[in-house]
J.: 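A single structure is presented below for examination.
Proteins come first, then strands; the chains are lettered A, B, ... in the order of their sequence lines, and each starts at number 1.
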Amino acid sequence: MKNYDDIKPSNFIEEEILEDLKMGKSKEVITRCPPEPSGYWHIGHCKAWMINFETALKFGGYTYLRMDDTNPSREQGEFADSYLNDLEWLGYKPKDVIFASEKYFDKIYDIALNMIKNGYAYVDELSQEKQLAMKGTLTKPGQNSPYRDRPIEESLKLFKEMKEGKYPDGSMTLRAKIDMSHPNILMRDPIMYKISREHHYKTGYKWCIYPIYDFAHPMEDALEGVTYSLCDITFRVHREVYEWFIEHAWNKPFAPKQREFSTLNLENVLLGKRYLKALVNSGKVLGWDDPRFMTIVGMKRRGYTANGIKNFIRSCGVVASESTIPFNALEHYIREDLNKISTRAMVVLDPLKIVITNYKEGKTEDIEIDNNPNDDKAGKHKALFAREIYIEKEDFALDPPPKYNRLTLGGLVRLKGAYIIKCNEVIYKHNGEIDYLKCEYIENSKSGNDCSNIKVKGTIHFVAVDNAFDCTIRIFKNLTKLDYKWPSKALSEGVSLEEILEPNSMIEKMAKAEKFLLNANAFDKFQFMRKGYFILDKDSTKNNYIFNFTISLKESFKV
RNA sequence: UGGGGUGUCGCCAAGUGGUAAGGCACGAGACUUUGACUCUCGCACGCGUAGGUUCAAAUCCUGCCACCCCAGCCA
């Protein structure tokens, strides 16, 4: 047996696993990610497979990616493909990719046959309505189906005929014979198979009977050799059914264990598959990978990093109690990672022109900008200083609020990487708006060899007119109004999508970017100094660079 | 109301009978050619509640309260 002494469990599930391993109750840790290919994965799912992958990894085991495609009416191949990409982006490698429909349907059918032979299952001819009526309620026990005690041979024959297509959809089901008066309603003879002639994206029309989750899932786990089936707390009440099927249908030496953890709930985030789908179909968003979506592909396009997302999820812990986490907790971990890896650049989002009156016309000087001041290995890149430059409109104030560190009329400010300037005059347009500023530069104040002895309070970013190109910036706000902390819940309670959606949650505007950014490739991440983090969107062309706003910098200055 | 689950700082969360870790948020200060980053300090005489056991209880016992999940031929 392996030595597990140096493994420290970090949550209640790992504690139990460690104990099992030490006691020899299980030999290895094999887990699974079992998506139903009926939508794109989002940050909530991310937690589930992180736990499955990382738990297995911790104990030297591995994880399967298994498409839980047992319901032909909901599933599509498009989605199955997306999971592999998502997983790769997040840095996880499954031991194998399995389609339950292809690999296990025959075996599950055989298991069902066996269960009938052993008296644990029967074919029921009750309609769906009748079954429901006889199921009882939360407080009242159910009643046995009149078909419950039919001879084993009869059930066997009928079940085989169900498979052969002799009976119409919905006319019969295979049910487990458990206990119609069980206090757990899921244990009241759960359905194991239904009849459906819908087309299945993987197996076509090969099958007309399909196993139901409660039966299929434990069997798939067992057939795969999964030892720990880690899922979210929704399935806690299903555990009893899971264990019943394992006990009555699986007589191999090992048995998989199902354990549950709470789901990840984020404030102000819309995750419901049907709502996202509606938005995608309506054309109101850019697609499943819209940067406002917290789908994996959406977050990737937004500029979030896999590490940031994973660090955030780790920070939430693995527990059984439900919680809702404020969005700024996620943002903290995204910023933390972006700060380490993103290249700095100067981009003016809302330009105000300045003419340096005492700087010679036509003259330019190279200046150097650190690609990342927190990373010595990141190097520097060149920018330009010239007579005409742009600064951010909000970095100049005629009537500055208290503690304003930026440019004012008659005041001094440092231009990042270049000179200290002083504003002497404001030139107005006919309509009274500011046209441009006349400033002078302090000659011996250049960054690197400043001997001016002048101390300024503020440093602002800028781009030289000659070193700038126009680019498109996409600014995002939360998809839904902030008043709705739980948008999916509000929607399910009848509030309309239109009401919940934040108007203009995506705004496009033009900005002046330094030419260094012309080298960027799609998905490259940048910090536009003093403004925030941005990522070059995949829709960009040579003639139109589009930068998606990922997240702002923290801002402690408040007017 | 049957069954299951959960209650520790504004939000997460450690804690497993020996006197309340940590993170986020927030507040104060230092540093700063990004009002970023970084750093320092502060932030629960209290662990849903009422009793009990004990020298000692968030941890053990009993009662109560609150919230969440379950009655698809969905997963």
J.: Return the nearest nucleotide to the side chain of A:T139; candidates are B:G35, B:A75, B:U1.
T.: B:U1
J.: Nearest-Å distance, CZ (A:R335) to P (B:U38)?
T.: 11 Å
J.: At 4.0 Å (heavy atoms only), tell me whether A:P373 reaches a base, stays on the sugar-phosphate, or touches nothing.
T.: base
J.: With a 4.0 Å cut-off on heavy atoms, is A:F235 in touch with a base, just the backbone sugar-phosphate, or nothing at all?
T.: base
J.: OP1, OP2 of B:G35 versus side-chain N and O of A:R530: anything below 4.0 Å?
T.: yes
J.: Both distances under 3.5 Å, Watson-Crick or G-U wobble: report the partner of B:G7, or none.
T.: B:C65
J.: Whole Å only: how far is the CE atom of A:M529 from the C1' atom of B:C37?
T.: 13 Å
J.: Is there a donor-acceptor contact under 3.5 Å linking the side chains of A:D124 and A:S145?
T.: yes
J.: Would you say A:T63 and A:N52 are linked by a side-chain donor-acceptor pair, where the criterion is simply a distance under 3.5 Å?
T.: no
J.: Could you run through nucleotides 6-11 of chain B and give me one letter per nucleotide, 5' to 3': B if any protein heavy atom sits under 4.0 Å from the base, S if only the sugar-phosphate is that close, - if neither?
T.: S----S
J.: Between A:F557 and B:G35, do the rings stack, that is, sit under 5.5 Å apart with planes less than 30° off each other?
T.: yes
J.: Identify which nucleotide among B:C73, B:G35, B:A13 has an atom closest to any side-chain atom of A:Q131, counting heavy atoms from C-beta outward.
T.: B:C73
J.: Work out how far the P atom of B:G52 is from that of B:U40, and round it to whole angstrom.
T.: 45 Å
J.: From CD1 of A:I13 over to P of B:A14, roughly how many Å is that when rounded to an integer?
T.: 12 Å
J.: Kindly write out the residues that satisfy ring pair (Phe, Tyr, Trp, His ring centres under 6.0 Å) with A:H332, not counting sequence neighbours, or none if the list is empty.
T.: none
J.: Looking for any heavy atom pair under 4.0 Å, which part of the strands does A:N405 touch: base, sugar-phosphate only, or nothing?
T.: base
J.: Where the side chain of A:T234 is concerned, which of B:A75, B:A71, B:U34 is the nearest nucleotide?
T.: B:A75
J.: Once hydrogens and angles are ignored, does a donor-acceptor distance under 3.5 Å link the base of B:A75 to the side chain of A:H238?
T.: yes
J.: Suppose we define a pair by two distances each less than 3.5 Å, Watson-Crick or G-U wobble; what does B:U38 pair with here?
T.: B:A30
J.: Once you round it to whole Å, what is the distance between C1' of B:U32 and NZ of A:K457?
T.: 15 Å
J.: Does B:G17 adopt a syn or an anti glycosidic conformation, taking syn as a chi angle within 90° of 0?
T.: anti
J.: B:G23 and B:U62: how far apart are their C1' atoms, nearest whole angstrom?
T.: 36 Å
J.: How would you label the contact of A:K403 with the nucleic acid (heavy atoms, under 4.0 Å): base, sugar-phosphate, or nothing?
T.: base
J.: Scan side-chain atoms only and decide if A:Y201 and A:D69 contain a donor-acceptor pair under the 3.5 Å cut-off.
T.: yes
J.: Check A:A121 against A:M192 and note the closest heavy-atom contact, atom names and distance.
T.: CB-SD, 3.8 Å
J.: Which nucleotide in the set B:C73, B:U34, B:G4 lies at the smallest distance from any side-chain heavy atom of A:Q128?
T.: B:C73
J.: Partner of B:A25 by Watson-Crick or G-U wobble geometry, both contacts under 3.5 Å, or none?
T.: none
J.: Partner lookup for B:C74, please. Criteria are Watson-Crick or G-U wobble with both distances under 3.5 angstrom; report none if nothing qualifies.
T.: none
J.: Please report, rounded to the nearest Å, how far the P atom of B:A36 is from the CG atom of A:L338.
T.: 17 Å
J.: Mind running salt bridge (charged side-chain N to carboxylate O under 4.0 Å, His left out) on A:E365 and A:K446 for me, showing each step along the way?
T.: CA-CA 10 Å; A:E365 279 176 77; A:K446 192 174 180 186; 2.9 Å; yes
J.: So if I take every side-chain heavy atom of A:H332 and compare against B:A36, B:C24, B:C74, which nucleotide ends up nearest?
T.: B:C24
J.: When you get a sec, tell me which of B:C37, B:U34, B:A75 is the closest nucleotide to the side chain of A:N339?
T.: B:C37
J.: List the residues meeting ring pair (Phe, Tyr, Trp, His ring centres under 6.0 Å) with A:Y441, not counting sequence neighbours, and say none if there are none.
T.: A:Y359, A:Y419
J.: Between B:A75 atom P and A:H200 atom NE2, what is the distance in whole Å?
T.: 10 Å
J.: Partner lookup for B:A13, please. Criteria are Watson-Crick or G-U wobble with both distances under 3.5 angstrom; report none if nothing qualifies.
T.: none
J.: With A:K206, which residues qualify under salt bridge (charged side-chain N to carboxylate O under 4.0 Å, His left out), at least two apart?
T.: A:D106
J.: Select one nucleotide: of B:C73, B:C37, B:A75, the one nearest the side-chain heavy atoms of A:N374.
T.: B:C37
J.: Tell me the interatomic distance from A:I334, atom CD1, to B:A25, atom P, rounded to whole angstroms.
T.: 13 Å
J.: Any idea which heavy atoms bring A:A468 and A:V463 closest together, and the distance?
T.: CB-CG2, 3.9 Å
J.: Quick one: on RNA chain B, does A:R406 or A:L186 contact a more 5' nucleotide (nearest heavy atom)?
T.: A:R406
J.: Does A:R74 have a side-chain nitrogen or oxygen under 4.0 Å from the phosphate oxygens OP1 or OP2 of B:C74?
T.: no
J.: Using ring pair (Phe, Tyr, Trp, His ring centres under 6.0 Å) as the criterion, list what pairs up with A:Y205, not counting sequence neighbours.
T.: A:H199
J.: Could I get the full list of ring pair (Phe, Tyr, Trp, His ring centres under 6.0 Å) partners for A:F547, not counting sequence neighbours?
T.: A:F528
J.: Where the side chain of A:K135 is concerned, which of B:A75, B:G2, B:A71 is the nearest nucleotide?
T.: B:A71
J.: Nearest to the side chain of A:K554, which nucleotide is it out of B:G2, B:C37, B:G5?
T.: B:C37
J.: Where do A:A383 and A:E514 come nearest, in terms of heavy atoms and distance?
T.: CB-OE1, 3.8 Å
J.: Mind checking if A:T70 touches a base, just sugar-phosphate, or nothing, with heavy atoms under 4.0 Å?
T.: sugar-phosphate
J.: B:G42 and B:U34: how far apart are their C1' atoms, nearest whole angstrom?
T.: 27 Å
J.: Looking only at atom C1', what distance separates B:C64 and B:A71, rounded to whole Å?
T.: 28 Å
J.: Report the residue (A:N328 or A:L138) whose heavy-atom-nearest nucleotide on RNA chain B is the more 5′ of the two.
T.: A:L138
J.: Heavy atoms under 4.0 Å, any strand shown: does A:G317 hit a base, just sugar-phosphate, or nothing?
T.: nothing
J.: Checking all strands, does A:R344 fall into the base, sugar-phosphate, or nothing category for heavy-atom contacts under 4.0 angstrom?
T.: base
J.: What does B:U53 pair with, Watson-Crick or G-U, if both distances are under 3.5 Å?
T.: none
J.: Roughly how far apart, to the nearest Å, are B:C9 and B:G22 at atom C1'?
T.: 13 Å
J.: Which part of the nucleic acid does A:F327 contact within heavy-atom distance under 4.0 Å: base, sugar-phosphate only, or nothing?
T.: nothing
J.: Rounded to whole Å, how long is the line connecting atom OH of A:Y83 with atom C1' of B:A75?
T.: 11 Å
J.: Remember a base hit wins even if backbone is also touched, and classify A:S342 as base, sugar-phosphate or nothing at under 4.0 Å, heavy atoms.
T.: nothing
